Amino acid sequence: MDAGETRVAVLEGKGAARQGGDRAKKGRTNRRDGGGAAEQPRRSGSDGQFRVAELYVERRGSRSIVGNIYKGVVDNVLPGMEAAFVDIGLERNGFLHVDEIVLGDGQKVPRRGHGRGRRIDELIKPKQEVLVQVVKDPLKTKGARLSMQISIAGRYLVYMPSGAGVGASRRLPDAERDRQRKLLQKLHKGDGGVIVRTAAQGARKADFERDLDYLHKLHEVMQRRTQEVKAPAMVFQEADLSIRVLRDVLTKEFDGAVIDDTKQHHRVTSFFQRTAPELVEFVELYSEPRPLLEREGADEAFDQVLSRRVDLPSGGYLMIDYAEALTVIDVNTGSFTGRGRGRLEDTITKVNVEAAEEVVRQLRLRDIGGIIVIDFIDMAKSKNREQVLKTLRKALDADKTKSYVMEVSPLGLVEMTRQNVTDGVREILTRTCPTCAGEGVVPSEETMAIEVIRRLRELAAAEPEPEAFLIRVNPHVAAELVAEDSGLAELEAETEKHFHFEGGEALAIDTYEVVDRGSRSEIEERALPFRVGEEVLVTIEEPHMYDADDAIARVDSYIVSVDGGGRHIGERRLVRIETVARSAATASLIDANGEKLESPPSGRRRGRRGGRRRSRARSGGGSGEDE
């Protein structure tokens with residue numbers, strides 16, 4: 001817990017968790033050796049160690065609204081889309097499809113087709129008040145997805161006030177599902193329907209009785225709020241992140257929860273006291289100085305989900321690319337070349353099997369939803385393709401989010417879908433790049449220099465009066481503009497105008513702004529950073545390209561060539577400006593009294609004059625008259 005953010009990491013390990021009545025506290029105490037700072041993070045799973053499997057983030061003011069129940073007002077009904085937009089008091093209206101409408105008697109509307117369905121404009125009208133629940137967060141430009149089929153979740157059961165009968169999760173084994181349904185049918189006698197959750201495996205009669213009582217009380221509160229508030233308004237708020245994860249994600253293999261905040265620890269234990277008292281003792285308050293998620297290796301996982309590349313143990317790697325409604329995952333062999341005298345097919349299969357497991361882990365860590373295409377390395381044998389597909393599907397068994405996997409396509413691709421309910425960790429932690437606007441590329445310096453030349457030609461034609469202009473551009477673009485072959489000298493000769501440039505490294509590469517205009521002397525006075533004879537303190541950064549005795553200093557990307565500076569690389573020295581050009585100047589070293597220091601012996605400085613002239617040309621030194 002932080003002041004404005006809650007982070008949760010779910011750690012899993014093969015064979016590490018205890019089940020049912022064997023939930024022993026030794027599983028937690030053995031992890032601690034009495035010296036919190038020296039404790040090693042739990043790592044990956046084949047040896048019973050724990051590994052980060054899922055990550056969740058919730059921030060103050062922007063928490064998920066999935067599960068919230070609202071008293072809304074129908075804004076408009078669109079028969080052509082078989083949907084309505086409902087004002088629930090948020091920035092964007094929610095989307096209610098005809099299949100999610102519940103009639104006044106609590107019955108769902110029959111699905112359209114074969115003459116059974118009814119038009120949506122026959123079911124609800126604009127300005128009508130409806131009770132709806134959010135089933136999908138607003139994502140990008142889309143509003144929340146709504147349903148009139150209200151459900152309230154507990155630890156073991158889900159209560160549906162407008163439903164009927166008793167159901168059970170399909171993830172439960174057949175025998176356990178039958179046992180749970182028979183047990184619940186004896187207990188549930190009131191209105192509404194009840195569904196047994198996957199987490200209820202092994203639950204007893206007392207667990208169901210306690211959960212039913214808890215859910216009925218929540219429903220009474222919701223009904224009272226519905227009558228009291230004026231639409232649009234929220235009438236029921238879903239639990240916060242910590243409670244949701246413990247309630248929805250963790251099943252019978254619950255080994256323990258470690259929480260580093262006193263208030264949140266109290267909230268979690270209070271929830272378990274009402275719904276599953278036997279789990280209270282497995283909730284631990286963490287108070288050691290070392291940050292909890294750092295100790296468990298979860299901080300590293302949060303950093304990893306922002307990376308495009310994911311390395312595999314063998315040396316191969318994944319590349320994950322996101323599109324608007326599609327995620328593409330490419331598998332590569334990387335540095336892995338096989339073992340011994342193994343064949344290419346075996347090498348490829350090993351990488352693909354590793355990749356199949358890691359792909360599912362990344363889907364869970366990043367909470368990637370929508371359409372997903374996995375480009376495995378091509379395999380010649382069908383049995384190897386089946387092995388990879390089997391590995392992928394087996395790994396998905398641990399994923400609580402609904403998914404559907406297709407067979408390998410003729411192009412060797414595996415296509416799948418995964419339910420997209422909320423923003424993933426990556427979307428919460430990042431924002432679109434303000435420079436490239438999410439494209440991933442920006443114009444090159446050369447491209448922008450050519451574009452600026454075009455704009456300068458238009459500027460000279462549109463404003464014939466000023467002699468000179470000061471233009472703000474990125475320094476790398478300015479270097480391209482003042483190069484000999486940029487066309488700037490020809491443009492100045494043709495238009496009889498003079499152009500100077502300013503700008504710092506922080507400017508976007510596509511920056512172009514006319515800062516000032518006027519006479520040549522006025523613009524030069526403002527544009528050139530130094531005057532001849534001025535004394536300045538500079539950091540000497542690197543040797544001169546053509547003479548090792550000289551050196552280069554930079555002041556806001558403006559190059560200063562320092563005579564005799566080669567012996568002072570990395571030092572801050574006082575220099576006197578000798579000449580000033582458009583993008584570069586020359587200077588000599590001086591002492592604290594302003595006396596010029598002697599240069600190295602002339603024998604070591606052969607060719608320096610020509611070298612400096614070439615340097616000014618490379619850095620975009622001014623026209624002939626500037627020199």
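All values reported here derive from a predicted model rather than from experimental measurement.
- Tested against Q149, the residues D99, V135, V102 include a single side chain to side chain contact (heavy atoms under 4.5 Å, CB included) partner, V102.
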Apply side chain to side chain contact (heavy atoms under 4.5 Å, CB included) to M1 and K263, showing your working.
-> CA-CA 10 Å; M1 293 288 296; K263 292 182 179 179; over 6 Å; no
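- For CZ of R393, the number of neighbouring non-hydrogen atoms (other residues, nucleotides, ligands) closer than 6.0 Å is greater than 12.
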Stepwise side chain to side chain contact (heavy atoms under 4.5 Å, CB included) check, L318 with I374 = CA-CA 10 Å; L318 309 177; I374 310 166; over 6 Å; no
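- Taking all atoms of both residues into account, the shortest heavy-atom contact from R170 to R177 is O-NH2, 3.2 Å.
- Residues L157 and I195 form no side-chain contact, since every pair of their non-hydrogen atoms from C-beta on lies 4.5 Å or further apart.
- Between the side chain of E238 and the backbone N or O of N68 there is no donor-acceptor pair closer than 3.5 Å.
- Side-chain atoms of I124 and L96, non-hydrogen and from C-beta on, do get closer than 4.5 Å to each other.
- The residues R7 and D299 are annotated as salt-bridged, a charged nitrogen and a carboxylate oxygen being separated by less than 4.0 angstrom.
- Legend: residues meeting salt bridge (charged side-chain N to carboxylate O under 4.0 Å, His left out) with D191, ordered by chain and number and at least two apart, are absent.
- A 4.5 Å side-chain heavy-atom check between H266 and T262 finds every atom pair outside the cut-off.
- Applying the side-chain contact (heavy atoms from CB on, under 4.5 Å) rule to K205 yields the partners L183, L187, E209; only residues at least two apart in sequence or on another chain are considered.
- Judged by distance alone, with hydrogens and angles left aside, the side-chain atoms of R60 form a donor-acceptor pair with the main-chain N or O of A3 at under 3.5 Å.
- The residues R361 and E357 are annotated as not salt-bridged, no charged nitrogen and carboxylate oxygen being separated by less than 4.0 angstrom.
- Of the possible polar contacts, none joining the N76 side chain to the P126 backbone as a donor-acceptor pair under 3.5 Å is found.
- Across R244 and A239, no two heavy atoms sit closer than the pair NH1-O, 2.8 Å.
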Go through K182 and D178 one step at a time and tell me if the salt bridge (charged side-chain N to carboxylate O under 4.0 Å, His left out) criterion holds.
-> CA-CA 6 Å; K182 290 177 182 178; D178 292 340; over 6 Å; no
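- When every heavy atom of Y156 is checked against every heavy atom of A276, the shortest pair comes out as OH-CB, 3.5 Å.
- Salt bridge status for R418 with D367: present, with a side-chain N to carboxylate O gap under 4.0 Å.
- Partners of D397 under the salt bridge (charged side-chain N to carboxylate O under 4.0 Å, His left out) rule, at least two apart in sequence or in another chain, do not exist in this structure.
- Residue pairs meeting the side-chain hydrogen bond (donor to acceptor under 3.5 Å, both in side chains) criterion with at least one partner in residues 221-236, sequence neighbours excluded, are absent.
- M406 CE: 12 or fewer foreign heavy atoms inside a 6.0 Å radius.
- Nearest heavy atom pair, residue K71 against residue E129, reads CE-OE1, 3.1 Å.
- Rounding to the nearest 0.5 angstrom, the gap separating the CD1 atom in I371 from the CG atom in N420 is 11.0 Å.
- Side-chain atoms of E427 come within 3.5 Å of backbone N or O of G424 as a donor-acceptor pair.
- Between the side chain of R210 and the backbone N or O of T275, at least one donor-acceptor pair lies under 3.5 Å.
- Screening residues 84-94 for side-chain hydrogen bond (donor to acceptor under 3.5 Å, both in side chains), with sequence neighbours left out, gives D75-N93.
- Distance CD1/I259 to CG/L285: 8.0 Å, rounded to 0.5 Å.
- V52 and A298 get closest at one heavy-atom pair: CG2-CA, 3.9 Å.
- Annotation: side chain of V86 is not in contact with side chain of Y70 (no heavy-atom distance under 4.5 Å).
- Remark: the backbone N or O of S151 is paired with a side-chain donor or acceptor of Q133 at under 3.5 angstrom.
- The aromatic rings of F95 and F85 lie perpendicular to each other, with more than 60° between the two planes, well past the 30° mark.
- Without hydrogens or angle criteria, H219 side chain to L215 main chain gives no donor-acceptor distance under 3.5 Å.
- With rounding to the nearest 0.5 Å, the separation of CD in Q180 from CZ in F208 is 3.5 Å.
- Counting heavy atoms from C-beta on, the side chains of K142 and K136 never come closer than 4.5 Å.
- Ion pairing between a basic and an acidic side chain is recognised when a charged N comes within 4.0 Å of a carboxylate O; R179 and E176 show such pairing.
- Y322 carries R426 over the face of its six-membered ring, with the cationic atom under 6.0 Å from the centre and within 45° of the normal.
- Contact of the K217 side chain with the R274 side chain is not registered, since no non-hydrogen atoms from C-beta on lie closer than 4.5 Å.
- Checked for salt-bridge contact, R155 and E278 miss the test: no charged N lies under 4.0 Å from a carboxylate O.
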Apply side chain to side chain contact (heavy atoms under 4.5 Å, CB included) to the pair I69 and I150, showing each step before the final yes or no.
-> CA-CA 8 Å; I69 299 173; I150 306 299; 3.4 Å; yes
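- Ion pair R145/E100 not flagged as a salt bridge, since none of the NZ, NE, NH1 or NH2 atoms sits closer than 4.0 Å to an Asp/Glu carboxylate oxygen.
- Counting all heavy atoms, side chain and backbone alike, V73 lies closest to A231 at CG2-CB, 3.6 Å.
- Look at D121 and R119 and you find a salt bridge, because one of the NZ, NE, NH1 or NH2 atoms lies within 4.0 Å of a carboxylate O, short of that distance.
- Of the inter-residue distances, the one linking I65 atom CD1 with M234 atom CE reads 9.5 Å to the nearest 0.5 angstrom.
- A heavy-atom distance below 4.5 Å is found between the side chains of Q201 and P173.
- Two residues are said to be in side-chain contact when any heavy atoms from C-beta on lie closer than 4.5 Å; D260 and L293 fail this criterion.
- With hydrogens and angles left out, the side-chain atoms of E300 and Q304 include no donor and acceptor closer than 3.5 Å.
- Partners of R366 under the salt bridge (charged side-chain N to carboxylate O under 4.0 Å, His left out) rule, at least two apart in sequence or in another chain, do not exist in this structure.
- Relative to the six-membered ring of F271, R247 misses at least one condition, a distance below 6.0 Å or an angle of at most 45° to the axis.
- If you check the side chains of E58 and Y56, you find no donor sitting under 3.5 Å from an acceptor.
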